[in-house]
Trainee: 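Sharing a structure here in structure tokens format.
What's counted below: heavy atoms across the whole structure, side chains too, no hydrogens, waters or symmetry copies. We count ligands from 1, going down the list as the structure has it; atoms in each ligand are counted the same way. Every value quoted in this text rests on a predicted model; they were computed, and no experiment measured them.
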Amino acid sequence: MIRTRLPHLFRLSPNVEPRQGYAWPTMLILHYTGMESAERAVSWLCTPESRVSCHYLVGERGEITQMVDEGLRAWHAGQSFWKGETDVNSASIGIEIHNRGHGLGYPDFPLVQMEAAANLCIDILSRNPISPQNVLAHSDIAPMRKADPGEKFDWKFLHERGIGHWVPPESISNDTTDLSEMQRLLSDYGYGIEQTGTVTPRSTAVIRAFQRHFRPARVDGVADRSTLETLRKLIGALT
Ligand SMILES: [Zn+2]
């Protein structure tokens with residue numbers, strides 16, 4: 001069994017199958033549970049009828065529970081897209097970070113929980129060929145359906161510990177900018193967005209997902225200069 005070297009609990013989920021087309025994961029997807037308690041989330045993720053699972057769950061006090069062998073395909077991403085890949089479950093490791101989510105008050109993520117999540121990510125990244133720009137939010141790969149782990153999740157904190165791709169966001173601006181260029185750059189970066197040059201539900205959802213991850217001070221789906229400049233800087237910082 002492939003597992004973290006950090007102290008952790010086991011609650012193995014039956015909702016697994018072999019990875020298809022991937023010997024090793026190349027993506028790391030972060031979620032929040034959106035449930036009242038971590039215990040209920042673990043139970044749900046281990047129930048056959050739920051048809052969902054993840055590799056790890058990080059509780060509010062930093063406790064880590066492993067539910068799926070890293071070598072197996074967990075069912076956490078659902079219908080999703082990143083850089084042309086639509087079977088994200090086969091390509092990824094999924095971590096649920098317990099938080100009640102937007103529907104239940106959306107509390108802050110405690111520092112002890114962020115530290116545990118960061119240590120778990122560092123351990124996973126040390127053993128798997130996952131590039132920084134493939135450490136993503138569920139909302140990045142399923143922007144029409146998902147908002148987790150949301151704009152309160154501290155991607156800067158992870159980046160300071162060597163996890164993921166991130167640049168300081170440009171300050172908020174009250175203007176609009178070239179939507180065609182924004183759609184093109186978002187697509188280049190990996191998002192599933194069509195090049196219409198016009199405002200569509202998907203285009204707005206993808207811009208909102210980008211803002212949640214990279215410019216969280218205002219998440220409104222508007223193609224403003226600050227969002228575009230942050231995106232340009234992010235792409236410019238790719239190695
Ligand atoms: Zn999720």
Side-chain angles (χ1 to χ4, degrees), residues 11 13-17 19 25-47 49-60 63-68 70 72-83 85-110 113-114 116-118 120-121 124 130 133-155 157-158 163-164 190-192 202 205-214 216 219 221:
R11 284 282 300 279
S13 172
N15 303 329
V16 299
E17 60 195 333
R19 291 185 186 277
T26 59
M27 302 173 71
L28 179 58
I29 308 298
L30 306 186
H31 303 257
Y32 67 43
T33 58
M35 296 181 73
E36 282 168 29
S37 72
E39 292 70 26
R40 287 182 91 164
V42 169
S43 295
W44 178 244
L45 293 159
C46 291
T47 302
E49 293 74 40
S50 76
R51 310 280 298 167
V52 290
S53 59
C54 63
H55 294 88
Y56 297 100
L57 186 145
V58 181
E60 286 162 304
E63 66 278 26
I64 295 169
T65 303
Q66 182 164 11
M67 278 169 277
V68 174
E70 286 182 21
L72 293 173
R73 182 180 189 271
W75 302 344
H76 58 94
Q79 191 175 13
S80 46
F81 178 97
W82 190 256
K83 288 183 191 161
E85 180 57 72
T86 54
D87 184 5
V88 172
N89 280 337
S90 280
S92 67
I93 287 176
I95 302 176
E96 290 277 359
I97 296 152
H98 174 63
N99 183 291
R100 296 196 301 280
H102 292 88
L104 295 170
Y106 197 28
D108 293 338
F109 293 87
Q113 183 183 36
M114 286 303 300
L120 179 58
C121 289
I124 290 167
I130 299 171
Q133 56 268 42
N134 277 5
V135 180
L136 295 163
H138 199 188
S139 51
D140 291 320
I141 62 167
M144 295 285 279
R145 301 187 299 113
K146 296 292 177 180
D148 63 307
E151 61 279 6
K152 283 189 175 181
F153 188 76
D154 195 346
W155 294 96
F157 180 93
L158 295 191
I163 304 155
Y191 286 92
R202 170 163 283 274
V206 170
I207 293 169
R208 195 176 280 130
F210 176 82
Q211 291 168 338
R212 278 191 210 287
H213 189 154
F214 297 105
V219 180

Trainee: Can you confirm whether Ile124 sits close enough to Tyr56 that some side-chain heavy atom of one is under 4.5 Å from a side-chain heavy atom of the other?
Mentor: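 Yes - at least one pair of side-chain heavy atoms lies under 4.5 Å apart.
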
Trainee: Hey, which N, O or S atom on His31 ends up closest to the Zn ion (ligand 1)?
Mentor: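 Per the distance ranking, His31 contributes ND1 as its closest N/O/S atom to the Zn ion (ligand 1).
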
Trainee: From Asp148, does some N, O or S atom reach closer than 2.8 Å to the Zn ion (ligand 1)?
Mentor: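 Yes - counting backbone and side chain alike, Asp148 has an N, O or S atom under 2.8 Å.
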
Trainee: With a 3.5 Å distance limit and no angle check, can you tell me whether His76 reaches the backbone of Leu30 through a side-chain donor-acceptor pair?
Mentor: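 No, the answer is negative, given that no donor and acceptor are paired below the 3.5 Å cut-off.
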
Trainee: Using a distance-only test with no angle check, is there a side-chain donor-acceptor pair under 3.5 angstrom linking Asn99 and Tyr106?
Mentor: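 Asn99 vs Tyr106: no donor-acceptor pair found between side chains.
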
Trainee: Within 2.8 Å of the Zn ion (ligand 1), is there any N, O or S atom belonging to His76?
Mentor: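 Not a single backbone or side-chain N, O or S atom of His76 is under 2.8 Å from the Zn ion (ligand 1).
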
Trainee: With the Zn ion (ligand 1) as the point of reference, which N/O/S atom of His138 is the closest?
Mentor: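 That would be atom ND1.
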
Trainee: Are side-chain N/O atoms of Glu39 and His98 paired as donor and acceptor at under 3.5 Å?
Mentor: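 There is no such pair (donor and acceptor under 3.5 Å, judged by atom type) between the side chains of Glu39 and His98.
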
